Amino acid sequence: MGAPPDGTGTVFVTLLEPGVFTAIWQGEAENAGDYVDVTGSRHEVVEWLSRCRARVFMAFVPERDEYVAFAANPGHVDLPI
């Protein structure tokens, strides 16, 4: 276990309560059991996301009641929640 290989897997971000976010990077295929996660303030989670090398980034948007894709690159994270 541990982090999925760079360039693979999906990160799911959720707002747990006002000011508290969680993100989990889940592996895929042969690495389906691999994951790492973080819970903290928006700033803490965005910092983590900017270093994460997942293939896909998704955030749960309560107003839409669905996950939507967003971009996460070093120095810039376009978190929609």
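Fair warning: this is a prediction, and the values are worked out from it, not measured in the lab.
Between Val45 and Thr22, the closest side-chain pair of non-hydrogen atoms is not below 4.5 Å. Residues Trp25 and Pro4 have side chains in contact (heavy-atom distance under 4.5 Å, counting atoms from C-beta outward). Inter-residue side-chain proximity for Trp48 and Val36 is flagged as met; some heavy-atom pair is nearer than 4.5 Å. Looking at Thr39 and Leu16, their side chains come closer than 4.5 Å, going by heavy atoms from C-beta outward. In this structure, Asn73 and Ser50 have side chains that are not in contact, with every pair of non-hydrogen atoms separated by 4.5 Å or more. With contacts defined as side-chain heavy-atom distances shorter than 4.5 Å, the pair Phe70/Val77 qualifies. When side chains are defined from C-beta on, Thr10 does not count as touching Gln26, because their heavy atoms never get closer than 4.5 Å. Residues Val56 and Met58 have side chains in contact (heavy-atom distance under 4.5 Å, counting atoms from C-beta outward).
At least one donor-acceptor pair closer than 3.5 Å links the side chain of Glu44 to the backbone N or O of Ser41.
Side-chain heavy atoms closer than 4.5 Å link hydrophobic residues (I, L, V, M, F, W, Y) into clusters, and following such links, possibly through other members, connects Val68 to Phe21.
Pairing each heavy atom of Ala54 with each of Gly9, the nearest pair is CB-O, 3.9 Å. Closest heavy-atom contact between Val13 and Ala23: CG2-CB, 3.9 Å.
Interatomic distance, OG1 of Thr8 versus CD of Glu30, reported as 8.0 Å (0.5 Å rounding). Taking CZ from Arg51 and CZ from Arg53, the interatomic distance works out to 9.5 Å, rounded to the nearest 0.5 Å. Interatomic distance, CG of Asp78 versus CG of Leu49, reported as 11.5 Å (0.5 Å rounding).
Applying the ring pair (Phe, Tyr, Trp, His ring centres under 6.0 Å) test to Tyr67 and every residue at least two apart in sequence or in another chain returns Phe12, Phe60.
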